[in-house]
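Positions are given from 1 along the sequence. None of these values were measured; they are calculated from a predicted model.
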Amino acid sequence: VNTDVKNHRIVVDGPGSLTVYNGLVFMNDLTNTRSNTYITANWNGFSDKESGILGYTVAVGTTPCQDDVYGHHDPQSHLFDASQWINTALISPVLLSDNNYYITVRALNNVTYGGPLATSVCHSTPYTIDNSPPVIHEIFNIQYDEDSGNLTLEHDSEDPQSGLAYVELCLGHSQQDCLEMDWVRFAYSPKINYTIQLTNGIPIYVKVKVISTVDLRAIKSSDDYIIVDRTAPVAGQVYDGSVAGVDQVFTNVQNKICANWANFIDAESGISHYLVSVGTSYDRDVTDIVNLTRYEATDTRACFDLDTDKM
């Protein structure tokens, strides 16, 4: 009960309420919209068995029960008879910024003497106006399994006003196209899991599109690309000795052994590193002199000190 006005009851509804609704669709709540020049509402279930309903007023505020956006007015005052009421309101013109707004519907009974009694139902479900596109902050943790074709990734996206409804994925040969795979839509999730066999040896960029509940969209491409490489590197030449391109057959140095190499290539993913070993057999698995030792992709020569006591 309104303590300031004794004949006024105020009700703030909650989830499942069947009295006041946002929007024009009967008994259906509109929660998000891009339309910012009008507000609509509908209602149902008010009654007064003793004197009947005199009329309704509708107001809009930035918090429940307030009328700081649009004061109470009768949207059906132009009609001649209560039989013409359709219990809907279209409040216009207004120019509203992105925000949450709240509808209040007030019913007045038809008491003749002493003035009408009023009941106001403040709808607690916000009427959200959103004309700001969502934001994709980052695409990260992209992983692809060449054997199963399973692609997984995560993205950090948000839409503070109306929330996100869908996320879409496409794959391109650059950051501007979707030539590898056109857009595929999923229910919104910060994680995407999709199975596809990617083309071998081509840079493939991941692109994510997020779609808000009012159909505003944002697109972002990954900074790095995926290259599927199902083939081994192409072997080049290996030479004994430290002089590039010269294959040394004999040496009088007993405590050092060197090798150099050239023309190893991998057209798809490039050379990551080299592993070099020395053995007493042509068998590559024999590394009894020097175990496998890692060298960077930019290296082309390796020298090892030998323990002559063990030879």
By salt bridge (Lys or Arg N to Asp or Glu O under 4.0 Å), which residues pair with Arg284, not counting sequence neighbours? none
Sequence neighbours excluded - disulfide (SG to SG under 2.5 Å) pairs with any residue from residues 208-249: none
Contacts under 3.5 angstrom, residues 146-154 side chains, donor-acceptor by atom type, not counting sequence neighbours:
from   : atom 1 : to     : atom 2 : distance (Å)
Ser148 : OG     : Asn150 : N      : 3.3
Glu154 : OE2    : Asn141 : ND2    : 2.8

Shortest non-hydrogen contact between Ala218 and Ile136, atoms and distance: O-CD1, 3.4 Å
Look only at the side chain of Asp98 and the backbone of Ser132, and say whether a donor-acceptor pair between them is shorter than 3.5 Å. yes
Could you check whether Arg301 pairs with Asp299 (Lys NZ or Arg NE/NH1/NH2 to Asp/Glu carboxylate O, under 4.0 Å)? no
Tell me the side chain to side chain donor-acceptor pair (under 3.5 Å) pairs involving residues 233-246, sequence neighbours left out? Gln237-Asn263
If you look only at pairs with a residue in residues 123-167, which of them pass as a ring pair (Phe, Tyr, Trp, His ring centres under 6.0 Å), with sequence neighbours excluded? His155-Tyr188
According to salt bridge (Lys or Arg N to Asp or Glu O under 4.0 Å), who are the partners of Arg34, at least two apart in sequence or on a separate chain? none
Who else is in the cluster with Trp183 when I, L, V, M, F, W and Y are joined by side-chain contacts under 4.5 Å? Ile219
Under 3.5 Å donor-acceptor, Asn260 side chain and Val238 backbone: no
For Ser162 and Asp130, which I'm curious about, is there any donor-acceptor pair between the side chains at under 3.5 Å? yes
Test of understanding: with side-chain contact (heavy atoms from CB on, under 4.5 Å), list the residues that count as partners of Asp224, not counting sequence neighbours. none
Taking the side chain from Asp266 and the backbone from Ser269, do they hold a donor-acceptor pair closer than 3.5 Å? yes
Please name all residues satisfying side-chain contact (heavy atoms from CB on, under 4.5 Å) with Ile227, sequence neighbours left out, ordered by chain then number. Pro203, Tyr225, Glu268
Verdict with reasoning, Asn42 to Thr40, per side-chain hydrogen bond (donor to acceptor under 3.5 Å, both in side chains): CA-CA 7 Å; Asn42 71 92; Thr40 56; over 6 Å; no
By ring pair (Phe, Tyr, Trp, His ring centres under 6.0 Å), Tyr56 pairs with (sequence neighbours left out) Trp43, Phe46, Trp85
Worked check of side-chain contact (heavy atoms from CB on, under 4.5 Å) between Ile91 and Tyr38: CA-CA 5 Å; Ile91 299 172; Tyr38 61 88; over 6 Å; no
In short, ring pair (Phe, Tyr, Trp, His ring centres under 6.0 Å) pairs touching residues 277-300 with sequence neighbours left out are none
Taking only residues two or more places apart in sequence or in another chain, which ones pass ring pair (Phe, Tyr, Trp, His ring centres under 6.0 Å) with His73? Tyr70
Side chains of Asp74 and Thr57, donor plus acceptor under 3.5 Å: no
Within the distance-only criterion (no hydrogens, no angle test), does the side chain of Glu296 pair as donor or acceptor with the backbone N or O of Thr298 below 3.5 angstrom? no
Same hydrophobic cluster for Tyr102 and Leu30, using side-chain heavy-atom links shorter than 4.5 Å among ILVMFWY? no
side-chain hydrogen bond (donor to acceptor under 3.5 Å, both in side chains) evaluation trace for Ser97 with Asn99: CA-CA 6 Å; Ser97 59; Asn99 201 352; 5.1 Å; no
CA sep, side-chain torsions, deciding dist, call: Ile196, Leu171, side-chain contact (heavy atoms from CB on, under 4.5 Å): CA-CA 10 Å; Ile196 182 174; Leu171 305 172; 4.1 Å; yes
Could you check Asn110 against Ser51 for side-chain hydrogen bond (donor to acceptor under 3.5 Å, both in side chains), going step by step and ending with a plain yes or no? CA-CA 5 Å; Asn110 207 12; Ser51 61; over 6 Å; no
Shortest non-hydrogen pair, Gly279 vs Asp288, comes out as CA-OD1, 3.1 Å
